[in-house]
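Down below is the structure, laid out as structure tokens.
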Amino acid sequence: MTMPKRGAALSYEEAERLLAGDAAGLPPIAVAAGPDEYLRERLVDAFRAGGERDGSDFCRLEGDDLEPAVLAEALASISLFSSSRRIWIREAAKLDKTCEEALLEWARGSAEGARVLVTTAREIPELRTLQALAAAGVSTACALRPGEAARWVARMLEDAKLAVPPGAAEALAGAARDLLEARQEVEKLRVHAEPSGKVPPRALAALRGARAGGSLDRWADAVLARDAAAARREAAALDAEGVSGGNALWAVAERALAALEPQSFGYRRAAPRVALTPSAARAALDAVYAADRALKRGEVRDAELRDLIERRLMEGEGATGRHG
């Protein structure tokens with residue numbers, strides 16, 4: 001990867017590749033700023049791993065109590081066994097003015113021998129210090145965007161070489177307060193994994209999402225609304241609780257029959273959350289009957305019924321507009 005221009009704002013993936021690379025391709029300063037601690041930690045790990053590969057010394061400094069003399073020594077001193085040094089300054093938002101000016105002066109000068117990664121939970125637009133550091137080097141945002149949590153959890157599971165039941169990543173991501181907590185949940189699953197890395201459905205009881213309990217009603221509503229992520233979250237929790245596939249089929253059939261015969265099925269305690277057109281209701285019943293026949297013929301197991309009906313309904317005609 002070629003060295004980016006000073007002041008460049010990199011995507012997270014670009015920053016991770018850059019920091020893990022050779023010191024010769026690094027700008028003097030890289031700023032990793034944003035509230036997600038897990039994402040900041042990954043960049044520090046990449047920076048450290050890159051240093052191990054190219055034989056650089058590694059030094060950690062604390063921004064909130066860093067003294068100018070200590071910073072100057074770290075920037076200037078190289079050991080007898082290395083030709084370069086990588087310096088991580090944690091919480092650079094708390095650097096005092098003297099250290100900030102010294103770091104900027106070094107970066108704008110020759111900046112020989114060392115490469116610096118500064119991290120902070122603050123965001124760059126919030127502070128002039130961070131803006132100045134980013135302009136002297138490169139920066140990346142460490143903030144989780146909407147909808148990204150499940151992708152990161154899937155990556156954690158892949159890194160851990162764990163194979164989980166469908167929907168487990170979504171359930172975990174939906175239940176964890178942040179990615180650090182999600183990582184802790186992934187570590188719990190390691191204990192339950194088979195030697196091959198496969199995590200059995202019963203092990204999902206260790207997850208926060210599974211402990212919160214699954215709902216057949218929510219699962220059926222999500223499937224009929226063709227909301228794949230929500231359906232998988234509920235399915236993972238239901239698997240952990242041992243809820244049978246036959247019960248899931250009835251939950252879908254009940255909604256379809258209520259749409260076709262509202263008077264006969266008006267005993268339901270609440271109005272359905274998903275409005276089905278007659279054709280969508282008939283398609284749902286067809287999927288239920290087909291799954292039931294496959295079970296009776298021994299073509300599928302009970303545990304596979306939810307997956308089977310999800311695939312049929314997600315690919316076919318779904319509900320109409322209302323999903324309250």
Side-chain angles (χ1 to χ4, degrees), residues 1-12 14-37 39-52 54-143:
M1 183 174 181
T2 58
M3 186 186 300
K5 295 180 180 179
R6 295 197 183 199
L10 306 181
S11 70
Y12 188 88
E14 290 172 333
E16 195 169 27
R17 288 195 300 272
L18 179 72
L19 293 171
D22 191 89
L26 291 175
I29 296 176
V31 180
D36 197 285
E37 187 175 356
L39 295 179
R40 298 197 308 273
E41 281 188 6
R42 279 190 70 100
L43 293 182
V44 173
D45 289 343
F47 188 58
R48 191 193 305 267
E52 290 174 355
D54 62 26
S56 298
D57 283 342
F58 186 85
C59 173
R60 169 178 170 167
L61 302 174
E62 296 294 331
D64 54 357
D65 64 358
L66 182 59
E67 297 179 0
V70 174
L71 175 61
E73 181 181 358
L75 292 172
S77 108
I78 302 296
S79 80
L80 295 175
F81 306 101
S82 175
S83 60
S84 62
R85 167 171 284 196
R86 296 195 183 205
I87 302 169
W88 169 34
I89 302 178
R90 197 183 72 85
E91 264 318 322
K94 298 180 180 179
L95 283 173
D96 71 19
K97 193 66 176 175
T98 304
C99 284
E100 175 195 341
E101 291 173 351
L103 186 57
L104 289 171
E105 183 179 356
W106 168 83
R108 291 165 182 160
S110 61
E112 293 180 356
R115 289 295 176 261
V116 177
L117 170 65
V118 297
T119 64
T120 175
R122 303 289 294 272
E123 299 197 60
I124 290 172
E126 295 178 9
L127 296 172
R128 290 183 179 178
T129 295
L130 298 179
Q131 293 171 24
L133 292 173
V138 298
S139 63
T140 192
C142 295

**Request:** Name all residues meeting the side-chain hydrogen bond (donor to acceptor under 3.5 Å, both in side chains) criterion together with S139; count only those two or more places apart in sequence or in a different chain, and write none if there are none.
**Result:**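 S139 satisfies side-chain hydrogen bond (donor to acceptor under 3.5 Å, both in side chains) with no other residue.
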Between [X] and [Y], what is the shortest heavy-atom contact and its length?
X    : Y    : value
A107 : A136 : CB-CB, 4.2 Å
L43  : A32  : CD1-CB, 3.6 Å
A23  : D54  : N-OD2, 3.0 Å
A74  : I87  : O-CD1, 3.4 Å
A92  : T120 : N-CB, 4.2 Å

Would the distance check show the side chain of [X] and the main-chain N or O of [Y] forming a donor-acceptor pair, the cut-off being under 3.5 Å?
X    : Y    : value
E123 : A33  : no
R40  : C142 : no
R85  : G113 : no
T140 : L10  : yes
R6   : P28  : no

Counting C-beta onward and ignoring hydrogens, is there a side-chain heavy-atom pair between [X] and [Y] closer than 4.5 Å?
X    : Y    : result
R86  : L26  : yes
V116 : W106 : yes
L104 : L133 : yes
L18  : P27  : yes
R48  : V44  : yes

Rounded distance (nearest 0.5 Å) linking atom [atom1] of [X] with atom [atom2] of [Y]:
X    : Y    : atom1 : atom2 : answer
L103 : L75  : CG    : CG    : 6.5 Å
C99  : L66  : SG    : CG    : 4.0 Å
I89  : D64  : CD1   : CG    : 11.5 Å
K94  : L127 : NZ    : CG    : 11.5 Å
L61  : E67  : CG    : CD    : 11.0 Å
I29  : R108 : CD1   : CZ    : 8.5 Å

**Prompt:** Which residues pass the side chain to side chain contact (heavy atoms under 4.5 Å, CB included) test with A135, sequence neighbours left out?
**Reply:**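 Counting only residues at least two positions away or on another chain, A135 forms no side chain to side chain contact (heavy atoms under 4.5 Å, CB included).
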**Message:** Check the orientation of F58 and W88. Use parallel for under 30°, tilted for 30 to 60°, and perpendicular for over 60°.
**Reply:**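 Taking W88 first and then F58, their aromatic rings sit tilted (interplane angle of 30° to 60°).
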**Qualifying salt bridge (Lys or Arg N to Asp or Glu O under 4.0 Å) pairs, either residue in residues 125-137, two or more places apart** =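 Sorted result for residues 125-137: R122-E126.
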Run the salt bridge (Lys or Arg N to Asp or Glu O under 4.0 Å) test against [X] and tell me which residues pass, sequence neighbours left out.
X    : answer
R115 : none
R60  : E62
E100 : K97

